[in-house]
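As structure tokens, the structure follows; a few thoughts come after it.
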Amino acid sequence: MPAAPSFKDKIYRLVARIPKGKIATYGQLARLAGGPTRAREVGYAMAALRPATRLPWHRVINSKGEVSRRRRPGAELTQRMMLVKEGLVFNARGRLSLERYQWSPRRSGRR
DNA sequence: TTTATGGCTGTCA
DNA sequence: ATGACAGCCATAA
């Protein structure tokens with residue numbers, strides 16, 4: 001029997017499911033992983049990814065619909081560029097419409 | 001141990 | 001709209 005996956009692992013699994021052209025917020029992922037108050041850990045989990053990861057980490061943004069600022073400036077521009085490349089459109093204030101782009105996971109094997 | 005720092009978020013002024 | 005604050009909690013030092 002496999003050990004229960006950690007919160008972090010659940011987050012990674014969820015991120016892997018976000019389809020191209022869609023985004024999810026940190027808080028949303030935290031809720032889906034069963035830790036409604038642990039959004040910050042989601043951000044932490046993203047920050048811990050290796051540069052070579054295949055996870056679509058760039059599809060994770062904050063609740064305001066914008067790319068979060070980080071410690072190392074510049075990387076956020078990369079993220080934004082990747083999203084634009086996938087066809088998402090930022091408005092004049094540098095935000096994405098959550099209405100339009102937020103991912104709604106379909107109930108599948110999870111649970 | 002304690003303190004500081006985050007890729008966060010909701011509430012309130 | 002913006003900004004301060006308080007919860008949140010894993011990591012690092």
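So that the names make sense, note that chain A is the first sequence line, chain B the second, and so on, each numbered from 1.
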Write down the distance between CZ (A:Phe7) and C1' (C:dC8), rounded to a whole number of angstrom.
-> 11 Å
Taking atom CG of A:Leu96 and atom NZ of A:Lys22, what is their separation to the nearest 0.5 Å?
-> 11.5 Å
N/O (side chain, A:Ser63) to phosphate O (OP1/OP2, B:dT9) under 4.0 Å | yes
Side-chain N or O of A:Thr25 less than 4.0 angstrom from OP1 or OP2 on B:dC8?
-> no
B:dG6, C:dT11, C:dA10: which one has an atom nearest the side-chain heavy atoms of A:Lys8?
-> C:dT11
Would you tell me if any nitrogen or oxygen in the side chain of A:Arg95 comes within less than 4.0 Å of OP1 or OP2 on C:dA1?
-> yes
Has the side chain of A:Tyr12 got a donor or acceptor atom that lies under 3.5 Å from a matching backbone atom of A:Leu55?
-> no
May I have the distance from A:Met46 (atom CE) to B:dT9 (atom P), rounded to whole angstrom?
-> 12 Å
Write down the distance between CD (A:Glu66) and C1' (C:dG3), rounded to a whole number of angstrom.
-> 13 Å
Of the candidates C:dA1, C:dA10, B:dT9, the side chain of A:Ala39 sits closest to B:dT9
Is the shortest side-chain N/O distance from A:Thr37 to OP1 or OP2 of B:dT9 below 4.0 Å?
-> no
Phosphate contact (C:dT2 OP1 or OP2) by A:Arg93 side-chain N/O below 4.0 Å = yes
Starting from P on B:dA4, measure out to CZ on A:Arg40 and report it in whole angstrom.
-> 15 Å
How many Å lie between CD on A:Glu41 and C1' on B:dT5, as a whole number?
-> 14 Å
Kindly indicate whether the side chain of A:Tyr44 and the base of B:dG6 share any N or O donor-acceptor pair separated by less than 3.5 Å?
-> no
Do the non-hydrogen side-chain atoms of A:Met82 and A:Arg59 ever get within less than 4.5 Å of each other?
-> no
Separation of B:dG6 C1' from A:Tyr26 OH (nearest whole Å) = 11 Å
Rounded to the nearest Å, what distance is computed from the CG atom of residue A:Leu77 to the C1' atom of nucleotide B:dG7?
-> 13 Å
Do A:Arg69 side-chain and B:dG7 base share a donor-acceptor contact under 3.5 Å?
-> no
The single option from A:Arg80, A:Gln79, A:Glu86, A:Lys85 that satisfies side-chain hydrogen bond (donor to acceptor under 3.5 Å, both in side chains) with A:His58 is A:Glu86
Residue matched to C:dG3 through Watson-Crick or wobble contacts both under 3.5 angstrom | B:dC12
Is A:Arg38 near enough to B:dC8 that one of its side-chain N or O atoms lies under 4.0 angstrom from OP1 or OP2?
-> no
In whole angstroms, how far is the C1' atom of B:dG6 from the CD atom of A:Glu76?
-> 14 Å
Should C:dA10 form a Watson-Crick or G-U wobble pair with both distances under 3.5 Å, which nucleotide is its partner?
-> B:dT5
Is any side-chain N or O of A:Lys64 closer than 4.0 Å to OP1 or OP2 of C:dA1?
-> no
Please say which of A:Leu29, A:Leu14, A:Leu32 ends up in a side chain to side chain contact (heavy atoms under 4.5 Å, CB included) with A:Val42.
-> A:Leu29
Could you tell me whether a side-chain N or O of A:Arg54 sits under 3.5 Å from a main-chain N or O of A:Ala16, the two making a donor and an acceptor?
-> no
Using a 4.0 Å heavy-atom cut-off across all strands, classify A:Val60 as base, sugar-phosphate, or nothing.
-> base
